[in-house]
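The shown structure was predicted, so the numbers you read here are calculated from the model rather than taken from an experiment.
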Amino acid sequence: MGDARGPQAAGAVSRLLDWWRGRGGAVQFGRSAGASCALFVRHGGETLTMVRFYSKTVEVPFGTLKKRIPFNDPILRDELRRRFNDAPGVELSAAKLELYPSFEIDLMADEAVWDVVVACLDWFTAQTETDGGPSTT
């Protein structure tokens with residue numbers, strides 16, 4: 001990632017991974033040629049990936065979430081989308097609530113974007129806690 005987008009973006013993502021793990025969150029690393037890592041929680045026996053980082057983009061996997069409780073509710077997916085869109089430069093379209101929209105990873109170097117992503121992670125986790133119990137590992 002550092003080679004693709006520079007040390008600021010790589011550092012911001014690394015800091016976010018440390019923050020996520022520090023609060024008990026889990027990270028899954030991809031094994032394909034297009035390296036990635038995902039932040040997830042386990043809920044009701046399923047894995048809910050909230051965000052996936054690639055070398056150039058940050059993906060929000062609505063396409064997978066639409067099959068997972070509680071995010072099978074389009075209102076919750078839209079709320080997550082709107083929360084991401086509070087970040088400067090992030091514009092996830094409502095038309096992509098069943099797809100895999102993304103934004104440029106270099107936006108993560110902006111402290112305001114980083115803060116919004118953290119708030120989205122907190123909100124996402126809270127939604128799984130209110131729907132039958134949390135588990136972040």
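- Residues passing the salt bridge (Lys or Arg N to Asp or Glu O under 4.0 Å) test with K66 are E98, sequence neighbours excluded.
- No side-chain heavy atom of V58 sits under 4.5 Å from any side-chain heavy atom of L107.
- Annotation for E104 and K56: closest pair OE1-O, 3.5 Å, computed over non-hydrogen atoms.
- Taking both residues in full, the closest heavy atoms of A9 and A109 are given as N-CB, 4.0 Å, listed atom of the first, atom of the second, then distance.
- Clustering ILVMFWY residues whenever any of their side-chain heavy atoms sit less than 4.5 angstrom apart, transitively, puts F53 in a cluster other than the one holding V116.
- At least one side-chain heavy atom of H43 sits less than 4.5 Å from a side-chain heavy atom of P70.
- Shown here are the side chain to side chain donor-acceptor pair (under 3.5 Å) partners of E91, two or more places apart in sequence or in another chain: there are none.
- Looking at heavy atoms from C-beta onward, T49 lies out of side-chain contact with R68 at the 4.5 angstrom threshold.
- Contact annotation: the side chain of M50 approaches that of C120 to within less than 4.5 Å [non-hydrogen atoms, C-beta and beyond].
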Item to complete: Check the pair V117, F103 against side chain to side chain contact (heavy atoms under 4.5 Å, CB included), reporting the backbone distance first and the verdict last.
Response: CA-CA 12 Å; V117 172; F103 58 92; 4.3 Å; yes
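- Across all their heavy atoms, S102 and E59 have their closest contact at CB-CA, 3.9 Å.
- You'll find the side chain of Y54 stays beyond 4.5 Å of the side chain of I105, heavy atoms only.
- When all heavy atoms of F62 and K96 are compared, the pair lying nearest together is CD1-O, 3.4 Å.
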Mind listing the side-chain donor-acceptor pairs of residues 73-84 below 3.5 Å, one per line with the distance, residues two or more places apart or on another chain?
from : atom 1 : to  : atom 2 : distance (Å)
D73  : OD1    : I75 : N      : 2.8
R77  : NE     : L97 : O      : 2.9
R77  : NH1    : F71 : O      : 2.7
R77  : NH1    : N72 : O      : 3.2
D78  : OD1    : R81 : NE     : 2.7
D78  : OD1    : R81 : NH2    : 2.9
D78  : OD2    : R82 : NE     : 3.1
E79  : OE1    : R82 : NH1    : 3.2
E79  : OE1    : R82 : NH2    : 2.9
E79  : OE2    : R83 : NE     : 2.9
E79  : OE2    : R83 : NH2    : 3.4
R81  : NH1    : L92 : O      : 2.9

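- Remark: T125 OG1 to R23 CZ distance equals 4.5 Å, nearest 0.5 Å.
- The closest donor-acceptor contact from the side chain of S93 to the backbone of A95 lies under 3.5 Å.
- Residues V60 and F124 have side chains not in contact (no heavy-atom distance under 4.5 Å, counting atoms from C-beta outward).
- The backbone N or O of A26 lies less than 3.5 Å from a partner atom in the side chain of W20, making a donor-acceptor pair.
- A donor-acceptor pair under 3.5 Å links the side-chain atoms of Y100 to the main chain of T64, judged by distance alone.
- Looking only at side-chain heavy atoms (C-beta outward), L121 and L39 come within less than 4.5 Å of each other.
- No continuous path of hydrophobic side-chain contacts links L65 to L99 [ILVMFWY only; heavy atoms under 4.5 Å].
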